[in-house]
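Naming: A, B, ... by sequence-line order, numbering from 1 per chain.
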Protein chains: 2
Amino acid sequence: MEEINLILAKNLKALRESKKLSLEKVAELTGVSKTMIGQIERGESSPTITTIWKIANGLKISFSSLIDHPRPETTVVLKSDIQTLSEDNGKYLVYPLFPFEADKRFEVYSIEIEAGGFHRADSHQEGTEEFLTIFEGELTVRLNDDQYILKNGDSIRFKADKPHSYLNTGKTLTRLSMILYYPN
Amino acid sequence: MEEINLILAKNLKALRESKKLSLEKVAELTGVSKTMIGQIERGESSPTITTIWKIANGLKISFSSLIDHPRPETTVVLKSDIQTLSEDNGKYLVYPLFPFEADKRFEVYSIEIEAGGFHRADSHQEGTEEFLTIFEGELTVRLNDDQYILKNGDSIRFKADKPHSYLNTGKTLTRLSMILYYPN
DNA sequence: ACAATACAGTCGTTATATTGTATATAAAGG
DNA sequence: CCTTTATATACAATATAACGACTGTATTGT
């Protein structure tokens with residue numbers, strides 16, 4: 001996940017050069033010092049929102065043209081490159097595949113649970129939904145007082161704004177895909 | 001034009017309350033101190049883009065939900081309330097009616113030019129277009145080496161990224177509407 | 001009514017964004 | 001080659017964003 005100030009840096013520099021403006025000219029148009037403009041373009045500063053506002057208004061450009069980062073056509077995520085999170089003494093392993101970005105509404109994880117592995121999730125924010133699919137092994141999901149036993153190929157969807165838990169009730173490793181969706 | 005940090009303040013506070021979160025909880029979710037969250041909500045601080053980023057990500061909300069200000073259904077602008085700009089010894093008077101906002105692509109002015117009044121505009125940024133309509137009197141517009149004489153009811157559109165000038169060649173006051181459009 | 005807790009706000013300190021001035025670098029003209 | 005000009009960066013001073021620890025005020029529970 002690229003740093004936001006670097007995105008801003010690239011956008012601003014590209015915009016300025018496309019308009020063929022000097023730092024000084026931009027400073028004059030926006031009321032932000034030439035020094036600051038330069039630092040922002042080099043990613044050396046994380047400007048305040050008022051500064052960004054001045055820049056957007058002075059240059060007559062939209063706010064989003066400054067913070068949008070051109071999402072690459074293709075993104076490849078190699079399992080070996082993922083920084084995992086583990087719980088239950090390493091028996092519950094989380095692979096963040098496509099983390100949340102402010103312009104998406106969901107994020108994707110892959111989970112591996114060893115036999116007997118357990119995880120209890122606190123309730124997520126209001127409205128959040130979870131979509132699970134089992135790709136290997138067996139999983140028991142508990143919500144409220146209900147309990148669901150899922151096997152390879154099975155899926156489940158539920159509102160995750162209440163506490164819930166996962167338990168590998170099989171004898172082998174369980175692997176599943178988890179999508180978290182934030183409707184709000 | 002409302003201050004951007006006040007817009008942010010309202011949005012954040014409304015969002016937090018709609019999720020029924022305390023300042024402390026938001027601090028925990030976002031990694032931004034409780035104090036700062038509070039100050040932002042009260043409009044006492046103009047956060048940096050990295051903190052806004054942390055907030056958007058931590059709360060799983062879009063960037064724009066923080067900076068969008070619900071544009072009121074209706075806006076009335078009374079001529080008597082407008083802060084005018086004048087040039088040519090007050091013979092060229094500008095009324096900014098609907099100034100630029102980062103989420104629009106144009107702005108609207110009304111211009112009054114006394115008989116003989118003159119104004120020379122430097123070239124605006126690349127691609128900018130101007131749309132004029134005469135509502136009273138007569139106006140001569142000069143672009144490059146061309147010259148256009150417009151009378152009551154006439155209109156003109158031109159690329160304003162070159163120097164151009166306006167001259168009231170009539171004997172009475174000229175009033176016109178000017179729209180500046182920024183396609184980029 | 002009292003204690004316990006959760007919550008929001010204040011205060012002092014530190015980190016850093018922002019500015020104005022000064023310096024470096026490169027391109028252009030004579 | 002040496003100026004001149006335009007442009008980008010480096011530096012020092014100030015303003016302010018950001019944090020952690022503390023205080024005040026509701027709210028809850030028994």
Looking at the base of C:dG9, is there any donor atom on it, or on the side chain of B:K34, that sits under 3.5 Å from an acceptor on the other one? yes

Near-strand residues of residues 9-33 of chain A, defined as heavy-atom separation under 4.0 angstrom from DNA chain C: A:G31, A:V32, A:S33

Does the side chain of A:T48 pick up a donor-acceptor pair with the side chain of B:S46 at under 3.5 Å? no

Using only atom types and a distance under 3.5 Å, with no angle test, would you say the side chain of B:D88 pairs donor to acceptor with the backbone of B:H119? no

Looking just at side-chain N and O atoms, do A:D161 and A:T128 make a donor-acceptor pair shorter than 3.5 Å? no

Looking at A:F118, I'd like to know if the NZ or CZ of A:K91 sits under 6.0 Å from its six-membered ring centre while staying within 45 degrees of the ring's axis. no

Roughly, in whole Å, what's the span from CE in B:M36 to P in D:dG20? 11 Å

If you look at every heavy atom in A:F135 and A:S177, which pair is closest and at what distance? CE1-CB, 3.6 Å

For B:I49 and C:dT16, give me the distance from atom CD1 to atom C1', rounded to whole Å. 16 Å

Taking the six-membered ring for Trp, are A:Y166 and A:Y92 parallel (under 30°), tilted (30 to 60°) or perpendicular (over 60°)? parallel

Heavy-atom pair of closest approach, residues B:K104 and B:P99: NZ-O, 2.9 Å

Take the protein atom CD1 of B:I37 and the nucleotide atom C1' of C:dC7, then report the distance between them rounded to whole Å. 14 Å

Evaluate the ring planes of B:Y181 and B:F131, with Trp represented by its six-membered ring, and classify them as parallel (under 30°), tilted (30 to 60°) or perpendicular (over 60°). perpendicular

C:dG9 base / B:T35 side chain donor-acceptor hit below 3.5 Å: no

Close approaches to DNA chain C from residues 38-48 of chain A, in residue order (heavy atom, under 4.0 Å): A:Q39, A:E44, A:S45, A:S46, A:P47, A:T48

